[in-house]
Asks: 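Got a structure for you, written out below as structure tokens; questions coming shortly.
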Amino acid sequence: MLQSITDHSEHPFEWLDVSDPDQEELANLTSKYALHDSSIKDWLQADHLPKYEHVGSYAFIIFRIHAEKTAVEADTVPELTDKVAIFMFEDRVITLHKHEWSGPQQIKENRISQHGCENTHQLVNEIVKVCLSSYEDPSARLTRDIEYYEENMFLKTRKASLLKGLYYLRRKVEVTRRVIMLSHDIIDRIDSPEQSNTYTRDTRDLYVKLHSIYDTLFENMNQLVMIYFSISSQRTNDIVRVLTVFSVFFMPLTFIVGIYGMNFKFMPELDWKYGYPAVMILMAAITGGIYIWFKKRGWL
């Protein structure tokens with residue numbers, strides 16, 4: 001679906017927004033505005049990463065925005081983000097995206113109508129800023145998720161699904177962080193020394209802020225995973241220690257029982273009237289002695 005967000009009658013440029021075009025619409029668009037086949041091919045590639053390049057008479061930008069709805073176990077670039085292609089001409093901007101996106105109307109109402117845009121470069125700067133803003137709410141959700149896993153890891157009984165949840169949470173942070181990092185070249189081109197102004201610097205500040213947030217989230221996730229395995233190792237050691245203590249208690253008792261379990265005919269204690277109670281008392285004394293020894297050593 002093609003819609004005109006702005007036109008030359010009110011602004012010095014035209015902005016066409018195209019949502020999920022079919023093959024015929026895409027062919028007409030390519031032919032009418034002389035879009036290069038390589039640009040269209042890049043846009044059709046589902047997992048294409050952010051890029052900025054000059055192609056003939058226009059600058060071609062691919063920016064990935066965070067998807068509005070993601071599955072719990074989403075952990076790949078296409079599952080977590082949607083792609084927006086931007087064709088920036090001198091007097092025209094064309095945006096392409098497969099999924100519904102509220103960015104064009106948001107920019108028209110909040111930026112173009114109130115403050116105006118003098119050229120396509122300023123318009124693309126606003127588009128990139130809105131794209132970057134899509135990562136702000138997900139960063140807050142990821143922070144809450146990390147706090148949830150920290151609470152369950154330290155204060156509650158661990159469940160088998162905890163490690164699985166940690167894996168997908170770490171993947172989400174890692175993939176999103178990588179997409180933001182790869183958008184660095186786009187921000188540099190938008191906020192180049194020749195075209196830098198207050199609005200482009202705001203876009204760079206937003207980028208730096210999000211880059212810092214996702215770097216921190218990534219470090220926190222790595223630490224959380226390491227802590228998980230440390231706690232698991234510590235609890236395994238505690239279990240092994242308890243089992244070792246029990247084995248030390250039973251080793252001398254098993255030794256005594258083993259001796260008197262030998263069916264030799266001539267064993268003096270077999271005919272002794274107090275043999276059984278004496279052996280039981282001896283076993284109790286050995287157990288008590290081991291217990292006292294462990295307590296003094298601080299092992300119990």
Side-chain angles (χ1 to χ4, degrees), residues 47-53 59-72 74-86 88 93 95 97 99-107 109-111 115 117 121-150 166 168-193 195-225:
D47 58 350
H48 202 293
L49 296 174
K51 69 179 295 185
Y52 187 113
E53 65 178 0
F60 176 60
I61 303 170
I62 288 182
F63 208 101
R64 302 204 71 99
I65 62 176
H66 200 285
E68 294 184 2
K69 296 180 180 180
T70 58
V72 175
D75 65 341
T76 63
V77 171
E79 290 175 333
L80 291 171
T81 61
D82 296 328
K83 184 167 71 277
V84 175
I86 306 169
M88 181 175 66
V93 171
T95 50
H97 48 93
H99 302 281
E100 289 296 326
W101 179 40
S102 60
Q105 292 302 322
Q106 182 181 343
I107 295 170
E109 295 172 3
N110 299 335
R111 178 69 177 93
H115 305 287
C117 288
H121 182 271
Q122 290 185 8
L123 174 60
V124 170
N125 175 67
E126 294 302 319
I127 295 173
V128 170
K129 187 185 296 184
V130 169
C131 292
L132 279 173
S133 300
S134 67
Y135 290 93
E136 290 188 301
D137 288 341
S139 70
R141 290 196 298 269
L142 288 170
T143 300
R144 291 194 296 270
D145 289 341
I146 290 175
E147 292 172 352
Y148 167 80
Y149 281 102
E150 285 179 343
L166 276 175
Y168 282 109
L169 183 58
R170 185 182 183 279
R171 283 286 299 161
K172 285 181 181 179
V173 174
E174 182 181 8
V175 169
T176 309
R177 173 176 174 265
R178 180 157 57 95
V179 169
I180 291 177
M181 287 177 61
L182 292 173
S183 304
H184 182 266
D185 184 53
I186 299 174
I187 304 302
D188 278 348
R189 300 290 186 94
I190 295 295
D191 188 39
S192 62
Q195 297 175 311
S196 179
N197 55 47
T198 303
Y199 300 114
T200 60
R201 286 193 293 273
D202 284 346
T203 303
R204 182 179 290 277
D205 289 343
L206 178 59
Y207 172 81
V208 172
K209 171 189 171 184
L210 291 171
H211 194 296
S212 176
I213 288 173
Y214 279 93
D215 276 349
T216 302
L217 289 174
F218 185 69
E219 292 174 4
N220 290 344
M221 277 308 308
N222 283 336
Q223 292 176 1
L224 200 58
V225 171

Asks: Tell me, with the steps shown, if Gln195 and Thr200 meet side chain to side chain contact (heavy atoms under 4.5 Å, CB included).
Replies: CA-CA 8 Å; Gln195 297 175 311; Thr200 60; 5.9 Å; no
Asks: For Tyr199, is there any backbone N or O sitting under 3.5 Å from a side-chain donor or acceptor partner on Asn125?
Replies: yes
Asks: Excluding sequence neighbours, so at least two apart, what forms side chain to side chain donor-acceptor pair (under 3.5 Å) with His99?
Replies: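 His99: no side chain to side chain donor-acceptor pair (under 3.5 Å) contacts found.
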Asks: Is Leu182 close to Val179 at the side-chain level, that is, under 4.5 Å between some pair of heavy atoms?
Replies: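 No. Closest side-chain heavy atoms not under 4.5 Å.
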Asks: Who are the ring-ring contact (aromatic ring centres under 6.0 Å, His included) partners of Tyr52, not counting sequence neighbours?
Replies: His54
Asks: For Glu136, what residues pass the salt bridge (charged side-chain N to carboxylate O under 4.0 Å, His left out) criterion, not counting sequence neighbours?
Replies: Lys209
Asks: Check this for me: Gln106, atom CD, are more than 12 non-hydrogen atoms of other residues, nucleotides or ligands nearer than 6.0 Å?
Replies: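 Counting neighbours around CD of Gln106, more than 12 heavy atoms of other residues, nucleotides or ligands fall under 6.0 Å, so yes.
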Asks: Which atoms form the tightest heavy-atom contact between Ala74 and Thr70, and what is the distance?
Replies: CB-CB, 4.3 Å
Asks: Among residues at least two apart in sequence or on other chains, which ones pass salt bridge (charged side-chain N to carboxylate O under 4.0 Å, His left out) with Asp82?
Replies: none
Asks: Salt bridge (charged side-chain N to carboxylate O under 4.0 Å, His left out): which pairs involve residues 213-222, sequence neighbours left out?
Replies: Arg177-Asp215
Asks: Are any non-hydrogen side-chain atoms of Thr81 and Ile65 less than 4.5 angstrom apart?
Replies: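 Counting from C-beta outward, Thr81 and Ile65 never come under 4.5 Å.
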Asks: Using the salt bridge (charged side-chain N to carboxylate O under 4.0 Å, His left out) rule, collect all pairs that involve residues 197-206, keeping only residues at least two apart or in two chains.
Replies: Asp188-Arg204, Asp191-Arg204
Asks: For Val130, is there any backbone N or O sitting under 3.5 Å from a side-chain donor or acceptor partner on Ser134?
Replies: no
Asks: Report the residues that fulfil side chain to side chain donor-acceptor pair (under 3.5 Å) with His66, sequence neighbours left out, ordered by chain and then residue number.
Replies: none
Asks: With sequence neighbours excluded, what pairs up with Arg171 under the salt bridge (charged side-chain N to carboxylate O under 4.0 Å, His left out) test?
Replies: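 So Arg171 forms a salt bridge (charged side-chain N to carboxylate O under 4.0 Å, His left out) with Asp75, Glu174.
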Asks: For Tyr135, which of Ile180, Leu206, Ile213 qualifies under side-chain contact (heavy atoms from CB on, under 4.5 Å)?
Replies: Ile180
Asks: So, taking the atom named CZ in Arg64 and the one named CG in Leu132, what distance separates them when rounded to the nearest 0.5 Å?
Replies: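 Taking CZ in Arg64 and CG in Leu132, the distance rounds to 14.0 Å.
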Asks: Which residues satisfy the side chain to side chain donor-acceptor pair (under 3.5 Å) test with Glu53, sequence neighbours excluded?
Replies: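 Partners of Glu53 under the side chain to side chain donor-acceptor pair (under 3.5 Å) test: Lys51.
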Asks: Charged N to carboxylate O under 4.0 angstrom, Asp145 versus Arg141?
Replies: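 No, Asp145 and Arg141 are not salt-bridged.
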Asks: About how many Å separate CD1 of Ile146 and CZ of Arg144, when rounded to the nearest 0.5 Å?
Replies: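 Interatomic distance, Arg144 CZ to Ile146 CD1, rounded to 0.5 Å: 11.5 Å.
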Asks: With a 4.5 Å limit on heavy-atom distance, are the side chains of Lys129 and Tyr207 in contact?
Replies: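 SC-SC contact between Lys129 and Tyr207 ruled out.
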Asks: Verify the distance criterion only: is there a donor paired with an acceptor across the side chains of Glu79 and Thr76 at less than 3.5 Å?
Replies: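 A pair is found: one side chain offers a donor N or O, the other an acceptor, under 3.5 Å apart.
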Asks: Apply side chain to side chain contact (heavy atoms under 4.5 Å, CB included) to the pair His211 and Val208, showing each step before the final yes or no.
Replies: CA-CA 5 Å; His211 194 296; Val208 172; 5.5 Å; no
Asks: Report yes if the side chains of Phe63 and Cys131 come closer than 4.5 Å at any heavy-atom pair, otherwise no.
Replies: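 Side-chain contact under 4.5 Å: yes.
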Asks: Evaluate side chain to side chain contact (heavy atoms under 4.5 Å, CB included) for Leu224 paired with Arg170, printing each intermediate quantity in order.
Replies: CA-CA 9 Å; Leu224 200 58; Arg170 185 182 183 279; over 6 Å; no
Asks: To the nearest 0.5 angstrom, please state how far the CE atom of Met88 sits from the CZ atom of Arg189.
Replies: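 Going from the CE atom of Met88 to the CZ atom of Arg189 covers 10.0 Å.
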Asks: Just how far is it from atom CD1 of Ile127 to atom CD1 of Ile107, taken to the nearest 0.5 Å?
Replies: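 It is 5.0 Å, given to the nearest 0.5 Å.
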Asks: Listed by chain and number, what are the side chain to side chain donor-acceptor pair (under 3.5 Å) partners of Thr95, not counting sequence neighbours?
Replies: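 Trp15, Asp17.
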Asks: Report yes or no: does His121 contribute a side-chain atom to a donor-acceptor pair with the main-chain N or O of Ile190 at less than 3.5 Å?
Replies: yes
Asks: Out of curiosity, Leu210 CG to Ile187 CD1, how far, rounded to the nearest 0.5 Å?
Replies: 9.5 Å
Asks: Drop me the distance from Ser183's OG to Ile61's CD1, to the nearest 0.5 angstrom.
Replies: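 The distance works out to 10.5 Å.
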Asks: Applying ring-ring contact (aromatic ring centres under 6.0 Å, His included), can you list everything that pairs with Phe60, at least two apart in sequence or on another chain?
Replies: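 For Phe60 the ring-ring contact (aromatic ring centres under 6.0 Å, His included) partners, ignoring immediate neighbours, are Phe87.
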Asks: What pairs with Lys172 under side-chain contact (heavy atoms from CB on, under 4.5 Å), at least two apart in sequence or on another chain?
Replies: Leu80, Leu142
Asks: Compare all side-chain heavy atoms of His97 with those of Lys83 and state whether any distance is below 4.5 angstrom.
Replies: no
